[in-house]
Amino acid sequence: MDQVARHSHGRGHRFNPCTAHHLSSPCDADFVPRRVHKSIRTQEFQAASSHMSVRTRFAPSPTGMLHIGGVRTALFSWLYAKRHAGTFVLRIEDTDRERSTDEATQVILDGMEWLGLSADEGPFYQTRRMDRYREVLAKFVQDGHAYRCYCTKEELAEMRSRQEAAKQKPRYDGTCRHRTEPRPGVDPVIRFANPVDGSVIVEDVIHGNVEFQNTELDDLIIARSDGTPTYNFCVVVDDMDMKITHVIRGDDHLNNTPRQINMLKALGSTPPVYAHVPMILGADGAKLSKRHGAVSVLQYREEGFLPSALLNYLVRLGWSHGDQEVFTLEEMQALFDIKDVNKSASAFNPDKLLWLNQQHIMRSTPQSLAPHLQFQFAALGVAVEDNAKLAAVAKAQQERAKTLKEMAQNSVFFFAELKGYDEKAAKKNLTAESAPVLAAVHERLSALPQWNAAAIHDAVNSVAAALNVGLGKVAQPIRVAVSGTSVSPPIDVTLEVLGRETTLLRIDAARKVALAA
RNA sequence: GCUCCCAUCGUCUAGAGGCCUAGGACACAGCCCUCUCAAGGCUGGUACGAGGGUUCGAAUCCCUCUGGGAGCGCCA
């Protein structure tokens, strides 16, 4: 903590240093790995984290679209911070200026907002912290933890192919480690002088202790020849400066961790607790690609998913709580624990996401569904302002739609003129014999003193009884008449929401069509 | 190639040596309910990757193999 603090005063690029939370978190015991038998150092890192408040971070790079893989690690970090009354930090890792785009950054910001994963601090941008990185870089070189390397890209490439030919792991051989003179005409990079012997143990909450031999690690480049710092270095400086206590990220980073720990140690900082979560695979078990779910998270909003449903789906990937499948955000916050997360990768299952979305839609209040539905109608080119009617439609449809988009598509008839009838439905239900039924229904409904589902229900039933036909012979023609299709919510509810005027108009129009059939 | 990680139904998971002739969920099939579509209820099939150990006893512990993944970049 002292060392961390040392790097944190008096400079302009500081973060609101988490104002001395010295409260010890009672829940830190949760970070004891489940497979304790593997961990001999449990006591140590427990102690290391027990006297600081939890600070987690989500650190995406805006080089591609934020997709569900990223969202899940963000969710885990957010959930963990919430559970421990900690702080969730958002940091945009945009040091790769070539590939970073404003568009991707915007998707991250909008996506996080849509999902409700709000950051307690940030967003911070690495590109605005360059002075700080240069400062640490200079100190590193000065202290002998890093050195300038004058090897050219060509030489490096050659070294690499030599090593590959010899079936060795490609790595930098340390040529410039002891170079004392600059090499004219070459802009040097800066490399971290990794320890040459011993090993590093990554104490991972999910994986247990993972040991890496330092001989496997080479001297990585921490600053490019143009002086800009690279990812692994920035992460280290940022996590230290931002006092991150728990790093939760994809397990594709597990191999980077030992180097980061070495740098942290060189900086005199205590490494955070690590949790490397398994990755999400595509539905076919292959790497997640655009074909599966690797689309912008905002795509899910377009397709009519509720944020809570997407989050629910994601939290259940690699984590469970008994037999429970449906979780509210509050339940997730109360129950989720990073130490319970599985070690193995899981495949993305669109069907289950759909099912969960329906479950969440069913359990939502119609009022809360209204704005989402409005959004979907807008996408369909149907402008709807009537909030009460929107809620009424949502209520009528909420258990028969897997997505809000689907709900809107199936509900256009409530708000817009019919654009004709579904051919099959009309052929079957708008027939010569249904014309008199429709006429009778029209008559009954016009005479109804009260326009509500119960009264409509009785009226429809009485027509069926009077004509001595099954309810289906009455309800289906009405359904086609008012919705244009053979599918809708229960007919009484449908008519109530539609309103008497529209209902009668459409029934009469359909009766004429039936007559002509 | 080297290093590291992972391994229960098609998929997500439960399972920390006996409670497991392996439980739940999605999907699928059938039935029930029913004015359509749903929702809901009931029923059904399918899994411990292989081989060795340890043990009275292993899905659970150990080893090997196999399979999958990640990293090895002046990308993040």
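Residue numbers begin at 1 in each chain, while the letters A, B, ... track the order of the sequences. Reckoned from all heavy atoms, side chains included, excluding hydrogens, waters and symmetry mates.
Side-chain contact, Ser344(A) with Asn342(A): no donor N or O sits under 3.5 Å from an acceptor N or O. Side-chain atoms of Asn194(A) and Asn262(A) include a donor-acceptor pair closer than 3.5 Å. No side-chain donor from either of Asn410(A) and Gln397(A) sits under 3.5 Å from a side-chain acceptor of the other. Checked by atom type, the side-chain pair Lys405(A)/Gln376(A) shows no donor-acceptor distance below 3.5 Å. When only modelled atom types and interatomic distance are considered, Asn429(A) and Tyr421(A) share no side-chain donor-acceptor pair under 3.5 Å.
C32(B) and A38(B) are spaced 16 Å apart, taking the C1' atom of each and rounding to whole Å. Look at the C1' atom in both U64(B) and C28(B): the space between them is 38 Å, to the nearest Å. Spacing between G24(B) and U46(B) at atom P, rounded to whole Å, works out to 14 Å. Rounded to whole Å, the P atom of C48(B) lies 9 Å from the corresponding atom of G10(B). Separating the C1' atom of G1(B) from that of C12(B) is a span of 35 Å, rounded to the nearest Å. Nucleotides A25(B) and A39(B) are separated by 15 Å at their P atoms, to the nearest Å. When the C1' atom is compared between A58(B) and C20(B), the two are found 11 Å apart, to the nearest whole Å. Comparing the C1' positions of G52(B) and A16(B) gives an interatomic distance of 23 Å, to the nearest angstrom.
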I'd like a table of atom pairs between the protein and nucleotides 11-13 of chain B - only N or O on both sides, under 3.5 Å - with the distance next to each one.
unit_1, atom_1, unit_2, atom_2, d
C12(B), OP1, Ala347(A), N, 2.8
C12(B), O2', Arg316(A), O, 2.9
U13(B), OP1, Gly318(A), N, 2.1
U13(B), O3', Ser320(A), OG, 3.3
U13(B), O2', Ser320(A), OG, 3.4

Close N or O pairs between protein and nucleotides 72-74 of chain B (under 3.5 Å):
unit_1, atom_1, unit_2, atom_2, d
C72(B), O2', Pro170(A), O, 2.6
G73(B), OP1, Arg160(A), NH1, 2.5
C74(B), O2, Ser225(A), N, 2.9
C74(B), O2, Ser225(A), OG, 2.9
C74(B), N3, Ser225(A), OG, 3.0

Any protein N or O atoms within reach of nucleotides 34-36 of chain B? Criterion: under 3.5 Å, listing atom names and distances.
unit_1, atom_1, unit_2, atom_2, d
C35(B), O2, Arg479(A), NH2, 2.3
C35(B), N3, Ile491(A), N, 3.3
U36(B), O4', Gln476(A), OE1, 3.1
U36(B), O2', Ser486(A), O, 2.8
U36(B), N1, Arg479(A), NH2, 3.3
U36(B), O2, Ser488(A), N, 2.9
U36(B), O2, Ser488(A), O, 2.9
U36(B), N3, Arg479(A), NH1, 3.1
U36(B), N3, Ser488(A), O, 2.5
U36(B), O4, Pro490(A), N, 3.1

Dump the pairs, protein N or O against N or O of nucleotides 29-33 of chain B, anything under 3.5 Å, distances to one decimal.
none

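Taking atom CG of Leu354(A) as the reference point, atom C1' of A25(B) lies 15 Å away to the nearest angstrom. Rounded to whole Å, the distance from CG on Asp252(A) to C1' on C75(B) is 12 Å. For the pair Asp238(A) CG and A76(B) P, the computed distance is 13 Å after rounding to whole Å. In this structure, Leu220(A) places its CG atom 12 Å from P of C75(B), rounding to the nearest Å. Separating the CG atom of Leu281(A) from the C1' atom of A7(B) is a distance of 13 Å, rounded to the nearest angstrom. In this entry the distance linking NZ of Lys402(A) with P of A38(B) reads 9 Å, nearest Å. Whole-Å rounding puts the His253(A) NE2 to G71(B) P distance at 9 Å. For Glu164(A) and G71(B), the CD to C1' distance is 14 Å, given to the nearest whole Å.
In this model, the phosphate group of C6(B) is approached by a side-chain N or O of His207(A) to a distance below 4.0 Å at OP1 or OP2. Remark: Gln358(A) is in phosphate contact with A39(B), judged by side-chain N or O atoms under 4.0 Å from OP1 or OP2.
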Quick one, Thr257(A) with Arg249(A), criterion side-chain hydrogen bond (donor to acceptor under 3.5 Å, both in side chains). Give me CA distance, side-chain angles, the key distance, then yes/no.
CA-CA 11 Å; Thr257(A) 309; Arg249(A) 69 210 328 184; 3.2 Å; yes
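Between Trp319(A) and Phe336(A), the ring planes lie tilted relative to each other; the angle falls in the 30° to 60° range. Taking the six-membered ring for Trp and thresholds of 30 and 60 degrees, Phe348(A) and Tyr313(A) have ring planes more than 60 degrees apart, a perpendicular arrangement.
Look at Asp218(A) and Arg259(A) and you find a salt bridge, because one of the NZ, NE, NH1 or NH2 atoms lies within 4.0 Å of a carboxylate O, short of that distance. Using a 4.0 Å cut-off between charged nitrogen and carboxylate oxygen, Glu155(A) and Arg183(A) count as a salt-bridge pair. Ion pairing between a basic and an acidic side chain is recognised when a charged N comes within 4.0 Å of a carboxylate O; Asp241(A) and Arg129(A) show such pairing. Contact check on Lys427(A) versus Glu423(A) returns no salt bridge, with no Lys/Arg side-chain nitrogen under 4.0 Å from an Asp/Glu carboxylate oxygen. Contact check on Glu93(A) versus Arg91(A) returns a salt bridge, with a Lys/Arg side-chain nitrogen under 4.0 Å from an Asp/Glu carboxylate oxygen.
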Where protein sits on nucleotides 40-45 of chain B, one letter per nucleotide: B base, S sugar-phosphate only, - none, heavy atoms under 4.0 Å
S-----
Just list the side-chain donor-acceptor pairs under 3.5 Å for residues 472-485 of chain A, sequence neighbours left out, or say none.
unit_1, atom_1, unit_2, atom_2, d
Gln476(A), OE1, Arg479(A), NE, 2.7
Gln476(A), OE1, Arg479(A), NH2, 3.2
Gln476(A), NE2, Ser486(A), O, 3.4
Arg479(A), NH1, Ser488(A), O, 3.4
Arg479(A), NH1, Ser488(A), OG, 3.0
Arg479(A), NH1, Pro489(A), O, 2.9
Ser483(A), OG, Arg479(A), O, 2.7
Ser483(A), OG, Thr485(A), N, 3.1
Ser483(A), OG, Thr485(A), O, 3.0
Ser483(A), OG, Thr485(A), OG1, 3.3
Thr485(A), OG1, Val487(A), N, 3.2
Thr485(A), OG1, Val487(A), O, 3.0

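For His253(A) and Tyr231(A), the distance between ring centers is under 6.0 angstrom.
With a cut-off of 3.5 Å on both pairing distances, the Watson-Crick or G-U wobble partner of A7(B) is U66(B). Pair assignment for G71(B) gives C2(B), based on Watson-Crick or G-U wobble hydrogen-bonding distances that are each under 3.5 Å. Using N1 to N3 plus N6-O4 or O6-N4 for Watson-Crick, or N1-O2 and O6-N3 for G-U wobble, each under 3.5 Å, G45(B) pairs with nothing.
Residue contacts for Asn232(A): at a heavy-atom cut-off of 4.0 Å it reaches a base atom on one of the strands shown. Looking at heavy-atom distances under 4.0 Å, Thr228(A) makes no contact with the nucleic acid at all.
Where Ala59(A) and Ala401(A) meet RNA chain B, the nucleotide closest to each residue was compared, and Ala401(A) sits on the side nearer the 5' end.
In terms of polar N and O atoms assigned as donor or acceptor, the side chain of Asp251(A) never comes within less than 3.5 Å of the base of A70(B) in a complementary pairing.
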